[in-house]
Amino acid sequence: MKVRDIMITRLITVDDRKSIDYALNLMHEYAIRRIPVVAGSRLLGIIVQHDIEAALRRPGTIPESPVDWIMTKNPITTGPETDLVDAIELLITHKISSLPVVESGVLVGMLSEIDLLKYLARLLHSQAEIEIEVWK
């Protein structure tokens with residue numbers, strides 16, 4: 001199985017010059033916790049809700065500050081053709097909750113812990129149905 005099989009392709013992104021407040025509002029509007037930061041379709045970084053909340057508690061950071069001040073620059077990424085097991089190992093090794101999916105320098109998707117849990121739930125559910133059929 002490959003990353004492309006379960007990655008999210010409908011992405012909410014933010015330009016690096018948009019404000020922290022703007023990014024936080026997007027997160028609330030779309031019920032998401034992380035947003036890739038882009039210039040066009042090129043990935044520059046990622047901003048996570050926890051990072052925003054921590055930054056806003058620091059002196060000198062205001063909601064109108066640009067996201068590039070607090071984003072994680074050059075985040076760890078994966079490709080759509082990466083084996084899913086390898087992507088999971090990246091998440092575990094680096095203790096991160098998501099991976100931007102990049103192909104030929106272009107952001108094409110995101111893979112998160114939640115995507116993996118949803119996939120696991122579908123697998124377990126379908127396996128349970130198979131086991132029930134066997135016993136009928």
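Since we're looking at a predicted model, the values are computed, not measured. All values below come from the heavy atoms of this structure, side chains included, with hydrogens, waters and symmetry mates left out.
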Original post:
When hydrophobic residues are tied together by side-chain contacts of less than 4.5 Å, even through go-betweens, does Ile96 share a cluster with Met7?
Top reply: yes
Original post:
How long is the span from the CG atom in Leu116 to the CD1 atom in Ile88, to the nearest 0.5 Å?
Top reply: 5.0 Å
Subject >> Shortest non-hydrogen separation from Pro36 to Leu107 and the atoms involved >> reply: CB-CD2, 3.6 Å
Subject >> Distance-minimising heavy-atom pair for Ile46 and Met110 >> reply: CD1-CE, 3.7 Å
**OP:** Treat each ILVMFWY residue as a node, draw an edge where side-chain heavy atoms are under 4.5 Å apart, and state whether Ile8 and Leu91 are in one component.
**Re:** no
Original post:
Can you hop from Val102 to Val108 via hydrophobic side chains spaced under 4.5 Å?
Top reply: no
**OP:** For the pair Asn25 (side chain) and Tyr22 (backbone), establish whether a donor and an acceptor sit closer than 3.5 Å, ignoring hydrogens and angles.
**Re:** no
Original post:
Does NZ belonging to Lys2 count more than 12 external heavy atoms closer than 6.0 Å?
Top reply: yes
**OP:** State, to 0.1 Å, how close Ile35 and Ala23 come at their nearest heavy-atom pair, and which atoms those are.
**Re:** CD1-O, 3.6 Å
Subject >> Exercise: identify the closest heavy-atom pair between Pro75 and Pro100 >> reply: CG-CG, 4.2 Å
**OP:** Apply the test side-chain contact (heavy atoms from CB on, under 4.5 Å) to residues Val106 and Glu103: give CA-CA distance (whole Å), side-chain angles for both, the deciding distance (0.1 Å), then the verdict.
**Re:** CA-CA 5 Å; Val106 174; Glu103 184 173 40; 5.8 Å; no
Original post:
Going through the checks in order, is the side-chain contact (heavy atoms from CB on, under 4.5 Å) test met by Leu99 and Thr77?
Top reply: CA-CA 5 Å; Leu99 288 167; Thr77 64; 5.9 Å; no
Original post:
Going from NE2 on His94 to CD1 on Ile92, what distance comes out if it is rounded to the nearest 0.5 angstrom?
Top reply: 11.0 Å
Original post:
Do Glu53 and Val48 come within less than 4.5 Å of each other through their side chains, counting heavy atoms only?
Top reply: no
**OP:** State whether the number of non-hydrogen atoms from other residues, nucleotides or ligands found under 6.0 Å of His50 atom NE2 is greater than 12.
**Re:** no
**OP:** Under the side-chain contact (heavy atoms from CB on, under 4.5 Å) rule, what do Leu84 and Leu111 come out as? Steps first, then yes or no, please.
**Re:** CA-CA 10 Å; Leu84 199 52; Leu111 178 68; 4.1 Å; yes
**OP:** Please check if the side chain of Asp83 supplies one atom and the backbone of Val85 the other of a donor-acceptor pair under 3.5 Å.
**Re:** no
Original post:
Shortest non-hydrogen contact from Val101 to Gly79?
Top reply: CG1-C, 3.6 Å
Original post:
How far does CD1 of Ile32 sit from CG of Leu26, to the nearest 0.5 angstrom?
Top reply: 6.5 Å
**OP:** Identify whether Ile62 and Val14 are in the same connected component of the hydrophobic contact network (ILVMFWY, side-chain heavy atoms under 4.5 Å).
**Re:** no
Original post:
Is there a path of hydrophobic side-chain contacts, each under 4.5 Å between heavy atoms of I, L, V, M, F, W or Y residues, that connects Trp69 with Leu24?
Top reply: yes
Subject >> Beyond-backbone contact of Leu44 with Lys73, side-chain heavy atoms, under 4.5 angstrom >> reply: no
**OP:** Decide if atom CZ of Arg33 counts as having more than 12 heavy atoms of other residues, nucleotides or ligands within a radius under 6.0 Å.
**Re:** no
Original post:
Roughly how far, to the nearest 0.5 Å, is CD of Glu64 from CG of Asp21?
Top reply: 6.5 Å
**OP:** Could you check if a side-chain atom of Ile52 sits within less than 4.5 angstrom of a side-chain atom of Leu56, using non-hydrogen atoms only?
**Re:** yes
Original post:
What's the spacing between Ile6 CD1 and Ser112 OG if we round to 0.5 Å?
Top reply: 8.5 Å
**OP:** Keeping the roles fixed (side chain from Thr82, backbone from Thr78), state whether a donor-acceptor pair exists under 3.5 Å.
**Re:** no
Original post:
What are the two closest heavy atoms between Gly45 and Met71, and how far apart are they?
Top reply: CA-SD, 4.0 Å
Subject >> Pair Asp15-Lys18, side-chain contact (heavy atoms from CB on, under 4.5 Å): steps then yes or no >> reply: CA-CA 6 Å; Asp15 179 270; Lys18 290 290 187 180; 3.9 Å; yes
Subject >> Check: Val38 main-chain N/O paired with Arg42 side-chain donor or acceptor under 3.5 Å >> reply: no
Subject >> Contact check, side chains of Ile47 and Met27, non-hydrogen atoms, under 4.5 Å >> reply: yes
